[in-house]
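Proteins come first, then strands; the chains are lettered A, B, ... in the order of their sequence lines, and each starts at number 1.
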2 protein chains.
Amino acid sequence: MNVDGTPYRTIWLAEDGWAVEIIDQTRLPHEFIVARLETVEDAIVAIRDMLVRGAPLIGATAAYGMALAMRADPSDAGFASARQRLFDARPTAVNLRWALDEMAIVVNSASEDARCAAVYARAADISDEDVGICSSIGDHGATLIKAAWENKGQNDPVNILTHCNAGWLATVDWGTAIAPIYKAHDAGIPVHVWVDETRPRNQGASLTAWELLQHGVPHTLIVDNAGGHIMQHGMVDMCITGTDRTTRCGDVCNKIGTYLKALAAHDNGVPFYVGLPGPTIDWTLRDGVAEIPIEEREAGEVTHMTGRTGNGDIAEICLTADGVNAANFAFDVTPARLVTGLITERGVCAASEQGLSALYPDRAQERETA
Amino acid sequence: MNVDGTPYRTIWLAEDGWAVEIIDQTRLPHEFIVARLETVEDAIVAIRDMLVRGAPLIGATAAYGMALAMRADPSDAGFASARQRLFDARPTAVNLRWALDEMAIVVNSASEDARCAAVYARAADISDEDVGICSSIGDHGATLIKAAWENKGQNDPVNILTHCNAGWLATVDWGTAIAPIYKAHDAGIPVHVWVDETRPRNQGASLTAWELLQHGVPHTLIVDNAGGHIMQHGMVDMCITGTDRTTRCGDVCNKIGTYLKALAAHDNGVPFYVGLPGPTIDWTLRDGVAEIPIEEREAGEVTHMTGRTGNGDIAEICLTADGVNAANFAFDVTPARLVTGLITERGVCAASEQGLSALYPDRAQERETA
């Protein structure tokens, strides 16, 4: 999408044809900085320190990270080591594992001499495939937004609440949850987005609000606490969030706090949709609450916050007294019973094994028999 | 309760016997500063700018503010003007109106010469009554915590989630939601408190965590998004929050985000209690969602945040790009159906007209016929 009028993806090959460039998302919204990755270690740091985040973009970065690794050492040992280290950078991200599995197929079928070029080619394919997937999610989701608008008599804008950042910054382009919003907006359907700030890392305030602003989509930033109130008062027509991992039964693991919004949507009859690309479905899992381990991150993300001071410097402040104990759970699981529908690149389905299996008979079958 | 080993209330008469002293809660947790109020304007600023907050403390401050007003001008016109200006400082706070009504009774029954002394005396009574009320709320609530502990076989601590600050800093002493926790802790029942940070003003992170730390109560600060996840995983035995205003049918208006926690508690079978003093009940209202106007505050509270930098300075940072639109709803309403019980100074009751009327037959009857 556009940044200051110029179209960008979130990851691309540098002009030299081998290094990889990304937008350093830790610097947004205060600075727009392009970071250059030259080694697999650079890619690991980019994933671990969240210069890139969002399931699809993590997958693409892992793929390009493997390309950088193969450029340095295309041996079997080099591949195995890079695969493990990339995986460990963000073990909850199922797209990361998927991308590394794809790379393994390429590596195993190529001689050492041919591996580097083959892996670069597959990384580029994965990026392009992601753009295609997100564009399709956008098309299918925009149909729902259009229907909501017609339902309102085509008068007022469709009010959509989203949590965290599942916009184009979380993917290679378009986004997952936000792709339908861009498609609807570009098609002339009036939309307005309620943006949850998404503590503790504030991806909504710093990324989603920024990208909507850049694209000219009307939006209002709110604290994570506000969603229940605005749903109670008829100010939300639908929710759309992304997901890091969805089970074959439709349980949705996403940024901490998603579950609370799904409860509020359910309590107020507001449709709650999740935008997801097929690779985000973890066919090996059924019960998300019981089976998905929830990453705990540093407590400092809760007690400290970073932003721009009055004179334009980036500063970190502490919100608490010294000695206060804190904990930082990064994700939660929204049970399928609270999800109205899953918006995938193959269409919209119920959040259930039946719904997902009907759209992905190939994948469902494959894993069931594995 | 104790601050650095010294017992404090949140409001008291200065040594000179006429000025009023308060803890400037906007400076916590980084600095412990006592502010001196010498005029009704000082009291209005203290209420409006939230140097004092919490329903009971706002009431006590309004009462002492009226004492300062009567000291300067004990005429009927002086009273009427001060009453209106104090009321306008925080129109959603029902305790404020209640305290001003109490002052009207005193003023109307005293000559101009006698008003000042009478109003000071009533303000002191209101403070002492609040301490008594909160202590009783604590005793009744501690019984519930003790029962939960016995239910767990007296092994593990009782895990209690709270939102915002309804501790002693929100009252004259003890607190409302936190009073039961202090009483249980002091009685040797092991408790552990999950403290919601409570965006946008962070009263949990800056006040509740601070006062629990000062009193030695085990606690863990979490972002507002985390409560659903920890309830899903059995890490919360009960929730206790405060309230700014509760309808005669038991709908609870409290800090924005309370409703989301009540939904999560309900979905996971976790008891959800609300600690409240009798004066917080608004007997004129039934349906809280429909009837209670929700204050909207400045968007800057959402886009900016204040804290302590590494060198100890207090700094404000901006979290968003320039041009991002934001909204700031200050409260929400939790429907009575989601509330397990109301903990009052007269005992614990169901969140219903029947429950409240049984505890407050005098008040219920009086307003019903008004």
Side-chain angles (χ1 to χ4, degrees), chain A residues 28-30 195 197-200 202 205-206 209-210 213 218-230 232-233 255-261 263-264 266-267 289 294 299 302-310 314-321 323-329 331-333, chain B residues 28-30 195 197-200 202 205-206 209-210 213 218-230 232-233 255-261 263-264 266-267 289 294 299 302-310 314-321 323-329 331-333:
Chain A
L28 291 175
H30 309 297
V195 181
E197 70 170 337
T198 319
R199 285 279 288 145
N202 287 27
S206 56
W210 180 85
L213 182 70
H219 62 274
T220 304
L221 176 68
I222 49 175
V223 294
D224 302 306
N225 283 323
H229 168 70
I230 60 176
Q232 264 180 337
H233 288 267
K255 190 66 36 168
I256 191 81
T258 303
Y259 167 50
L260 294 171
K261 293 303 139 58
L263 284 167
H266 189 258
D267 200 46
V289 175
I294 299 299
V302 175
T303 56
H304 291 66
M305 200 173 285
T306 300
R308 192 175 74 253
T309 64
I314 302 302
E316 185 184 69
I317 58 173
C318 179
L319 308 173
T320 58
V324 164
N325 188 46
N328 184 8
F329 304 96
F331 301 93
D332 65 20
V333 174
Chain B
L28 291 175
H30 309 297
V195 181
E197 69 169 341
T198 319
R199 286 280 289 146
N202 288 26
S206 55
W210 181 85
L213 182 69
H219 62 274
T220 304
L221 175 69
I222 49 176
V223 294
D224 302 307
N225 283 323
H229 168 70
I230 60 176
Q232 265 180 337
H233 288 268
K255 189 64 38 167
I256 190 82
T258 303
Y259 167 49
L260 293 171
K261 293 304 140 61
L263 284 167
H266 189 260
D267 199 46
V289 174
I294 299 298
V302 175
T303 55
H304 291 66
M305 200 173 287
T306 300
R308 193 175 72 251
T309 64
I314 302 302
E316 185 183 70
I317 57 173
C318 178
L319 308 173
T320 57
V324 165
N325 188 45
N328 183 10
F329 304 96
F331 301 94
D332 65 21
V333 174

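For the pair Asp224(B)/Thr198(B), a side-chain contact is recorded, criterion being any heavy-atom separation below 4.5 Å from C-beta on. Between Phe331(B) and Ile256(B) there is no side-chain heavy-atom pair separated by less than 4.5 Å. With contacts defined as side-chain heavy-atom distances shorter than 4.5 Å, the pair Met305(A)/Leu319(A) qualifies.
A side-chain N or O of Tyr259(A) and one of Asp267(B) form a donor-acceptor pair less than 3.5 Å apart.
Between Thr303(A) and Ala326(A) the shortest heavy-atom distance is CG2-CB, 3.8 Å. The minimum heavy-atom distance linking Ile317(B) with Gly307(A) is given by the pair CD1-N, 3.3 Å.
Chain A forms the most heavy-atom pairs under 4.5 Å with one residue out of Ala315(B), Ala264(B), Gly257(B), and that residue is Gly257(B). No other option in Val289(A), Thr309(A), Val195(A) has as many heavy-atom pairs under 4.5 Å with chain B as Val289(A). Between chain A and the options Asn328(B), Val333(B), Thr258(B), heavy-atom pairs under 4.5 Å are most frequent for Val333(B). Put simply, of Ala226(A), Ala209(A), Cys318(A), the one with the most heavy-atom pairs under 4.5 Å next to chain B is Cys318(A). Interface summary for chain A: among Asp332(B), Leu28(B), Leu260(B), the most heavy-atom pairs under 4.5 angstrom belong to Leu260(B).
Interface residue Ile294(A): only side-chain heavy atoms are found under 4.5 Å from chain B. For Glu197(A), the part lying under 4.5 angstrom from a heavy atom of chain B is the side chain only. Proximity to chain A is absent for every atom of Ile314(B), based on heavy atoms less than 4.5 angstrom apart. Within the 4.5 angstrom heavy-atom criterion, atoms from both the backbone and the side chain of His219(A) approach chain B. For His233(B), the part sitting under 4.5 Å from any heavy atom of chain A is the side chain, from C-beta outward, and nothing else. Looking at His266(A), there are no atoms closer than 4.5 Å to chain B (heavy atoms on both sides), in backbone or side chain.
Checking side-chain atoms of Arg199(B) against main-chain N and O of Asn225(A) turns up no donor-acceptor pair under 3.5 Å.
Just one residue in the list Leu221(A), Ile222(A), Thr220(A) forms a side chain to side chain contact (heavy atoms under 4.5 Å, CB included) with Val302(B), and that residue is Leu221(A).
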